[in-house]
Amino acid sequence: MRTLRTALLTAAAACLAVTALAQVPAAAAPAPAPAPPKFLSAGQLPASLTPWTAGPVRQGVPSEGSVCTAGIAPAAGTRHRDFRTELDTGARQTITVAATTARAKALAAELRSALETCLDRLKEQDPGLEGEAFYQGRVDVEEGAHVYSVDTSYPEVGSTDIGLYSVGRDGRAVTVVEWGQLGELDGAPLEGFKKTTRTAVAKLY
């Protein structure tokens, strides 16, 4: 009888242990890391006389160029991609993922301010430079994007350059798109660039 009672108590204890384990919630699996924002492809750049070629996506801020916005975006959380054609036309997209939405909003505002003052700063550095800069309007996509043009020339040598720029944001991601070539604003694909800007912001997430 004692042996039977011991066996029954042992079985009951095992049953309670199994029940207790069943009631312990399983540890939650770690959330997968969010996918990084997507970049433009070569075919999404404004139409050109020769095809666009897309370079690799690189970590950090560009080492050169981007004269209007250099030194603003942090290297951490930033990637960039360059594009080129066989003619004197080039483009670049830079994407920064900020730690918070508030920081992304502040970064977008700082980048816009840099574009608005770019021509004045360039003239201060080079008194022989002339040009015009315009705000080309807002593109309604995600949290919004804004387009600018900077037309520069050196009368002494007769060279002219036109640059189109945009800043857009989707949540914590901020993107800058740059396009430039020899020539003047009336020869630039402004509407095509606005379409590219819309695509760039929409593709982020």
Side-chain angles (χ1 to χ4, degrees), residues 39-55 58 61-73 80-96 107-142 144-169 174-203:
F39 279 80
L40 290 165
S41 65
Q44 293 168 327
L45 274 291
S48 177
L49 294 177
T50 59
W52 286 96
T53 299
R58 302 184 184 278
V61 295
S63 60
E64 59 183 15
S66 300
V67 293
C68 288
T69 57
I72 296 177
H80 66 278
R81 186 180 207 179
D82 290 337
F83 304 83
R84 62 180 179 82
T85 70
E86 294 178 4
L87 301 177
D88 294 319
T89 306
R92 171 178 287 164
Q93 182 183 13
T94 304
I95 299 176
T96 301
L107 174 60
E110 191 173 358
L111 289 166
R112 287 188 60 194
S113 178
L115 290 174
E116 290 166 358
T117 60
C118 181
L119 182 59
D120 291 338
R121 289 184 284 115
L122 291 176
K123 287 182 176 179
E124 289 179 359
Q125 298 170 13
D126 189 346
L129 182 69
E130 296 183 0
E132 293 181 313
F134 299 99
Y135 173 60
Q136 298 292 351
R138 174 187 169 94
V139 176
D140 291 325
V141 56
E142 300 301 341
H146 301 269
V147 179
Y148 302 83
S149 64
V150 180
D151 198 344
T152 58
S153 66
Y154 287 90
E156 292 184 0
V157 297
S159 66
T160 60
D161 296 275
I162 177 63
L164 301 177
Y165 307 86
S166 63
V167 177
R169 183 175 68 87
V174 179
T175 187
V176 175
V177 182
E178 308 168 65
W179 175 98
Q181 72 174 21
L182 297 176
E184 298 179 352
L185 180 59
D186 57 5
L190 182 57
E191 292 307 314
F193 183 77
K194 289 182 177 181
K195 181 179 179 180
T196 293
T197 293
R198 180 184 300 277
T199 302
V201 178
K203 282 189 71 173

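What you see is a predicted model; the values in this text were computed from it and never measured.
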Inset, instruction - Could you walk me through whether Thr85 and Thr53 pass the side-chain contact (heavy atoms from CB on, under 4.5 Å) test, one step at a time? - result: CA-CA 6 Å; Thr85 70; Thr53 299; over 6 Å; no
Inset, instruction - Please assess Val167 against Leu115 for the test side-chain contact (heavy atoms from CB on, under 4.5 Å), listing each intermediate value before the final yes or no. - result: CA-CA 9 Å; Val167 177; Leu115 290 174; 3.6 Å; yes
Inset, instruction - Go through the steps for Arg92 and Asp82 under the test side-chain contact (heavy atoms from CB on, under 4.5 Å), then give the verdict. - result: CA-CA 4 Å; Arg92 171 178 287 164; Asp82 290 337; 2.5 Å; yes
Inset, instruction - Starting from the C-alpha separation in whole Å, work towards a yes-or-no answer on side-chain contact (heavy atoms from CB on, under 4.5 Å) for Val201 and Val139. - result: CA-CA 10 Å; Val201 178; Val139 176; over 6 Å; no
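Atom CD1 of Ile95 is separated from atom OG1 of Thr175 by 4.5 Å, given to the nearest 0.5 angstrom. With rounding to the nearest 0.5 angstrom, the CD atom of Gln93 is 6.0 Å from the CZ atom of Phe83. The distance from atom CG of Leu182 to atom OG of Ser159, rounded to the nearest 0.5 Å, is 8.0 Å. Interatomic distance, Glu116 CD to His146 NE2, rounded to the nearest 0.5 Å: 9.0 Å.
Heavy-atom neighbours of Lys203 NZ from other residues, nucleotides or ligands within 6.0 Å: above the threshold of 12. Counting non-hydrogen atoms of other residues, nucleotides and ligands closer than 6.0 Å to CZ of Arg58 gives a total of 12 or fewer.
Under a 3.5 Å cut-off, the side chain of Ser48 and the backbone N or O of Thr50 do form a donor-acceptor pair. With hydrogens and angles disregarded, no donor-acceptor distance shorter than 3.5 Å links the side chain of Arg81 to the backbone of Ala54. Remark: side-chain polar atoms of Thr117 are paired, donor with acceptor, to backbone N or O of Ser113 under 3.5 angstrom. Under the 3.5 Å distance criterion, the side-chain polar atoms of Trp52 are matched with a main-chain donor or acceptor of Pro46. Using a distance-only test at 3.5 Å, with no hydrogens or angles considered, a donor-acceptor pair links the side chain of Thr199 to the main chain of Lys195.
Side-chain contact of Gln44 with Ser41: a donor-acceptor pair under 3.5 Å is present, judged by distance alone. Using modelled atom types, one finds a donor on one side chain and an acceptor on the other under 3.5 Å when comparing Thr89 with Gln181. Checked by atom type, the side-chain pair Ser166/Thr197 shows a donor-acceptor distance below 3.5 Å. Donor-acceptor pairing under 3.5 Å is recorded for the side chains of Asp126 and Tyr154.
Heavy-atom minimum distance, Ile162 versus Ala188: CG1-CB, 4.1 Å. Shown here for Leu45 and Ala91, the closest heavy-atom pair between the two residues is CD1-CB, 3.6 Å. Nearest heavy atoms, Ile72 versus Ala114: CD1-CB, 3.2 Å. Taking each heavy atom of Leu119 and Ala133 in turn, the nearest pair found is CD2-N, 3.7 Å. The heavy-atom pair separating Cys68 from Arg121 by the smallest distance is O-NH2, 3.0 Å. Nearest approach of Ala200 to Val177, heavy atoms of both residues: CB-CG2, 3.9 Å.
Sequence neighbours left out, the pairs with a member in residues 129-140 that pass salt bridge (charged side-chain N to carboxylate O under 4.0 Å, His left out) are Arg138-Asp140.
No option in Phe193, Tyr135, Tyr165 other than Tyr135 meets the ring-ring contact (aromatic ring centres under 6.0 Å, His included) test with Tyr148.
No side-chain heavy atom of Thr152 sits less than 4.5 Å from a side-chain heavy atom of Thr160.
The side-chain contact (heavy atoms from CB on, under 4.5 Å) check on Gln136 picks up Phe134, Val147, Ser149, Leu185, Leu190, Lys194, with sequence neighbours excluded.
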